[in-house]
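Notes follow the structure.
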2 protein chains.
Amino acid sequence: MSSSVQRKRIRKSPEARRAEIVATAARVALTEGLECVTLRRVAEELAVRPGLISHYFPSAEDLVAAAFAVAALGELDALLPAERPDGTPAQYLARYFALSSGAAYDDISRLWINARHLSRYRPVLRDVVTRMELASDDRLETLILDGVARGEFRTDDARSAAIQILVVLDGLGAHANSDRTDRPPAVTRLALSTAERALDLPHGTLDAPGATGTLPLAFSPTEAAEAAVASEMAGAAGTPGAAEGTGAGEAVGDA
Amino acid sequence: MSSSVQRKRIRKSPEARRAEIVATAARVALTEGLECVTLRRVAEELAVRPGLISHYFPSAEDLVAAAFAVAALGELDALLPAERPDGTPAQYLARYFALSSGAAYDDISRLWINARHLSRYRPVLRDVVTRMELASDDRLETLILDGVARGEFRTDDARSAAIQILVVLDGLGAHANSDRTDRPPAVTRLALSTAERALDLPHGTLDAPGATGTLPLAFSPTEAAEAAVASEMAGAAGTPGAAEGTGAGEAVGDA
DNA sequence: GATGCTATTGAGTGTGCGACCAATAAGCAA
DNA sequence: TTGCTTATTGGTCGCACACTCAATAGCATC
């Protein structure tokens, strides 16, 4: 007995190890919840000792915040890509709504509920949540402005429209842990009808089949995407032009 | 030193002690969060030993669920009373929206975020959350049906309208732990405009000053109300007509 | 092949949690 | 007043957590 499962140390570069840790933490956060992002849990996942995680994240709160940042940004990119080469804004918006009503979206809803709750007690996480909310607002606002420029949408306040849509999506996602069968159609479509109203679109314009055109409905942020996301976070970390991050950003970014 | 703060035991009837425990737990849940509803915390609050709390709630999860049930039902009664002797449905609905945008509502939003998240891991709490969601739906649906009967509202699906309104309120409340200044007016009014649309009301009908008539905007569920709520929970506890509750209800109700 | 840097380990600290249980005493009934 | 029921205590156990730090061993460099 007591066959030590691993006797050989594997020594990696700090950058590689840190990226690995954050990616693992993000995966745990998304599938099991931010409370499960513990030193022990992440260490076990990577087959290393908990002390090593502490070495890279002297404060566990930074790790949790980084995990959320990476997971949330990865999902945002999957749902509402920053680059949209393959279709019109209306098609991407329709795709967004289509994905948002799928079962895979439940994980993201759960993650956001989790983060919003936990941010009550954890200031570092709260900062990241705020930043991710702004990032979502920006992303959708940009899409809407693009659609307005092309004449697809009509609104005099793209940001307000974006926030209204996201608020409704938050409301629909709030029940991700409860049973939501027997929801009336008007409720299921609430995000769509809010968008249609805010963007002055005819009823049904954004409904899934057809409206997405040839856009792929695939929904799987890869690990590569998450790594890219991590470096993106590094850039966006601190308050404008500062070298000192706000904890999480710093945790993800520096090395 | 070491003046034992309390040397004399105070022996109470099981009913009184249980009610006291649940009321305290509900207060802790509302002000500090459901994670703070621990045996030790509640015991300290009541100046008793933790073992006593265990005696009344052999499983801590039941205590948490009971705390949420009492807190949430108390708040529901304060926001959307079951009895409405002092005004019209429209006035009570306007009052509801007025209260829902006040700062005091943040505590309730936080509680719901908390419960929805925690219910991911705690089945007993999940049941209570589901029941409380249904109770909210029912309460608002009844109000709407009443308004329709009086000719104040117009809708062919009162429940759908109720759920739509509540979903939007959930979405707005989701950010109770983040910063929400600089929200566009269209977002702040989103619940109202959703209601106006769903109930076929002219714009502005439900806005706060004036629309509430002489209705008091006071918002303070008393301890007495919470006690009443506790006994109400006892009645609504089990699945229809059963003596055995589903854990939380049982915890609140039996004696 | 030897050397130095440092990533990684192993062991330990302290805290807070739920759960358990025998001993104790409060207060009601005889 | 006496006795009995049981509400309440006090103490303990095991677990999971974050955090600390000296010792160890990869691995790049010379």
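Naming convention: chains lettered A, B, ... in sequence-line order (proteins, then strands); numbering from 1 in each chain. None of the values given here were measured: they were computed from a predicted structure.
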At under 4.0 Å, does any side-chain N or O of B:Tyr56 touch on OP1 or OP2 of D:dA7? no

Looking only at heavy atoms, the pair that brings B:Ile113 and B:Ala174 closest together is CD1-O, 3.4 Å

Could you give the CD1-to-P distance, from B:Ile53 to D:dG10, as a whole number of Å? 14 Å

Is any side-chain nitrogen or oxygen of A:His55 closer than 4.0 Å to OP1 or OP2 of C:dA7? yes

What is the distance, rounded to the nearest whole Å, between atom CG of B:Asp62 and atom C1' of C:dA19? 14 Å

Rounded to the nearest Å, what distance is computed from the CD atom of residue B:Glu32 to the P atom of nucleotide C:dG16? 15 Å

Please report the shortest heavy-atom distance between A:Val129 and A:Ser119, naming the atom on each side. CG2-CB, 4.3 Å

Please report the shortest heavy-atom distance between B:Ala71 and B:Leu111, naming the atom on each side. CB-CD2, 3.8 Å

For the pair made of CG in A:Leu46 and C1' in C:dT9, what is the distance, rounded to whole Å? 15 Å

Distance in angstrom units between A:Arg49 CZ and C:dT9 P, rounded: 7 Å

Look for any protein N or O under 3.5 Å of an N or O in nucleotides 14-18 of chain D and output each such pair with its distance, or none.
residue: D:dC17; atom: N4; partner: A:Arg40; partner atom: NH2; Å: 3.3
residue: D:dA18; atom: OP2; partner: A:Leu39; partner atom: N; Å: 3.2
residue: D:dA18; atom: N7; partner: A:Arg40; partner atom: NH1; Å: 3.2

From CG of B:Leu63 over to P of C:dC17, roughly how many Å is that when rounded to an integer? 13 Å

Side-chain contact check for B:Arg17: nearest option of D:dG26, C:dA26, D:dT8 is D:dT8

Can you identify which nucleotide, out of C:dG27, D:dA7, C:dA7, has its nearest atom closest to the B:Pro14 side chain? D:dA7

How many Å lie between CZ on A:Arg9 and C1' on C:dT6, as a whole number? 11 Å

Would you please name every residue forming a side chain to side chain donor-acceptor pair (under 3.5 Å) with B:Glu141, sequence neighbours left out? B:Arg159

Correct closest heavy-atom pair for A:Ala66 and A:Val22 would be O-CG1, 4.2 Å

How many Å lie between CD1 on A:Ile21 and C1' on C:dT8, as a whole number? 11 Å

Taking all atoms of both residues into account, what is the closest heavy-atom pair of A:Ala115 and A:Phe68, and its distance? CB-CE1, 3.4 Å

Minimal non-hydrogen separation, A:Arg18 against A:Phe57, with atom names: NH1-CZ, 4.0 Å

